[in-house]
Every structure is written in C-alpha cells, then in structure tokens.
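All remarks here apply to the structure that follows.
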Amino acid sequence: MASTVRGTVLVCVMAALVAGCGDKVAPVASPPVRPTEVLAATGPVTTWRTTVLDDGDGPELCLGGVAESLPPQCSGPPVLDWTWADHAGAYEEADGVRWGEFTLVGDWDGTAFTPTEVVAGGEVPEMQMPERTPCSEPAGGWTVLDHATTSDTARGKLMRAAAVRPDHGLVWVDQSINPRWQDFLDGEASLEIEQAMNDPAFTIVNVGVTGDVAAAEAELRPVWGGPLCVYQVANTEAELRRAAEDLRDLPGFLGGGYGSVNNKVEQMVIYDDGSIQAWVDREFGSGVVEISSALRQVSG
C-alpha cells in the first residue's frame, strides 16, 4: 500500500512541473483548417470605396471586378436594408440599372451585408509605385554591355532561358532608368513616349532565382547584353503555380494569381479574420500565399 501511495505522489510531482497537480491542463489550440464556407465577421466591418449595383434583382456589393460598360456590370453578395431614395444624388441610373460608389460599414454574416453606415464615395487603396530593381547599381551605372544582344528579340530569349531553369522564380522589367520615365509616371500618353519606353537599352531585366545567383547570371548574361539583375527569391514559379491551383476553389475567392514582383500567390477573398492566412501559412509555408480581405474589421 505504501508503494502505491509513493507512486501516486511521484506522478503528481512530475505533473506539477507542467500544470500543477489537480489543475486542469489548458486545451491545445486546434491547427487552422481549410475553410469550407465564406467566413462571417463577429463584429462590424467596412469596405473601401465600392460599387453598389442593382440590376432589378436587388442591390449587390461589387467586391470583385466591375465591367466598365454602360450600365456597368458586376456581381456580389446582396446588400440588405438598402433604399436608393436614401442615397439620392449619389447614384446613376441607365437601362433600369442603378449604381453608385459608397463606403459601407456594417455586419457581414457570410452571405449578405447589412449596412449600419453609408458614405458616398470614400477612400480607395493607395496605389503602389512600380517596383524598382533590387540589385545595387553597378559601377558605371546601368549600361549596355553588348549592343548586339540588346534588343527585343534578345530580351525574349533571356526570359525564355530564365523560365526553363528549375530554380526560376520570376522575370520582370524595370524601366525607371529610361529618360522618359517621369513623363510616363505623369500619365502623358503619346506615341513618342510609348516608343521611348520600349527602348531595350533603358530596360533592366530582373530575374529571380531560388538557387545560385552567380551561376544563373553567368548562364544568362551571354543571352542579354542590356542591364541585368539576377537576385535571390524564396519561391519557384512552379511552387507558386501549384499553390494557386490548389486555392482556386477557396470559399469567397474574388481574384488573384501569382507571378508578381512580391514572389507570392496573391488571393483576395470576401472576408478573412486571420484564420485563412493562418491556414495557408501552415499548408504551404510562411511567405508563399498572401491573403487579402475585401471586408476589413473596424478597429476599436
């Protein structure tokens, strides 16, 4: 009997090192799982400036793309408790379709949006400036090394040669060294500027690889004599393609893809409370997929 008591005490002492004998052990959090339906929000959410459109079947929240026809066309979740008379002067009408741009705050139950506050117009996400080459400018500047292989044809060969490498991540061009770059940013549209911007001599071709940068540059340089930047990225194009294909049926998917300069799969969904991002990080690894939420939690 004494032996049994000593054994019980020993077990209790060992358990106390973790949770305290007699205390309840905190439950282990369940790992994030793939969503099977569009998430509902537990508190108020807001949109950016978004089109609300009614083609006769009731108002819809155009969280995805909007076709710029007259009248415009789109589809999205229904907007409940909406009366157009409350927004006189803030919408247009043509061929029986009403539409306007609004910022909405309200409740999202996973299927419909119920606004509690509506403002005509509003903010849109800030446009990002075009990405700049990640490599440091070489001594002497971004100059042409071989005019014979600095052409549109040579640039195409370079891109194809980079794409067949097993460590290929992405290929993109930076035209910011072009003398007409600022005119292009200012939105000046002319044939002269368009032709000037297409000059291969003022185009830095950027090649992202996951393997040996020096070896990749040595292989690609004979193909292209113009400005070239070969740099390290985290993900191959093949890995991103597989992840994007696996996410095609993600509930609430609004759009996205891969191949952008950030070297990730980019997916826009109607709403993510953070659990979708947690799941894709667990499923594909951190830094592979970036989830953006069209509906944003209201802070405070």
Can a side-chain donor-acceptor contact be found between [Y] and [X] if the only test is distance below 3.5 angstrom?
{"X": "Gln297", "Y": "Tyr271", "result": "yes"}
{"X": "Gln182", "Y": "Asp186", "result": "yes"}
{"X": "Asp54", "Y": "Trp84", "result": "yes"}

Item to check | Neighbour count above 12 (heavy atom, 6.0 Å) for Phe184 CZ | outcome: no
Next on the checklist: If you count heavy atoms of other groups shown closer than 6.0 angstrom to CD of Glu93, is the number above 12?
Outcome noted: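 Yes, enclosed.
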Checklist entry - Taking it one step at a time, do Glu101 and Tyr91 satisfy side-chain contact (heavy atoms from CB on, under 4.5 Å)? => result CA-CA 7 Å; Glu101 293 189 338; Tyr91 67 88; over 6 Å; no
Distance in Å, [X] [atom1] paired with [Y] [atom2], rounded so as to fall on 0.5 Å steps:
{"X": "Leu104", "Y": "Thr47", "atom1": "CG", "atom2": "OG1", "answer": "5.0 Å"}
{"X": "Glu266", "Y": "Leu247", "atom1": "CD", "atom2": "CG", "answer": "12.5 Å"}
{"X": "Asp212", "Y": "Glu219", "atom1": "CG", "atom2": "CD", "answer": "11.0 Å"}

Contact between [X] and [Y] at the side-chain level, heavy atoms closer than 4.5 Å - yes or no?
{"X": "Asp55", "Y": "Asp57", "answer": "yes"}
{"X": "Pro134", "Y": "Tyr231", "answer": "yes"}
{"X": "Leu228", "Y": "Glu217", "answer": "yes"}
{"X": "Asp272", "Y": "Gln277", "answer": "yes"}

Checklist entry - Which residues satisfy the salt bridge (Lys or Arg N to Asp or Glu O under 4.0 Å) test with Arg155, sequence neighbours excluded? => result Asp152
Next on the checklist: Angle between ring planes, Trp82 versus His87, binned at 30° and 60°: parallel, tilted or perpendicular?
Outcome noted: parallel
Item to check | Working for side-chain hydrogen bond (donor to acceptor under 3.5 Å, both in side chains), residues Thr133 and Asn206 | outcome: CA-CA 7 Å; Thr133 294; Asn206 296 273; 3.2 Å; yes
Item to check | Qualifying salt bridge (charged side-chain N to carboxylate O under 4.0 Å, His left out) pairs with a residue from residues 249-262, counting only residues at least two apart or across chains | outcome: Arg34-Asp249
Item to check | Pairs flagged by salt bridge (charged side-chain N to carboxylate O under 4.0 Å, His left out) wherever residues 134-144 is involved - sequence neighbours left out | outcome: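 For residues 134-144, and leaving out neighbouring residues, there are no salt bridge (charged side-chain N to carboxylate O under 4.0 Å, His left out) pairs at all.
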Next on the checklist: Has Trp108 got a side-chain atom pairing as donor or acceptor with Thr46's backbone, closer than 3.5 angstrom?
Outcome noted: no
Next on the checklist: Check for me, please, whether Leu295 and Phe102 land in the same ILVMFWY cluster - side-chain distances under 4.5 Å, paths through other members count.
Outcome noted: yes
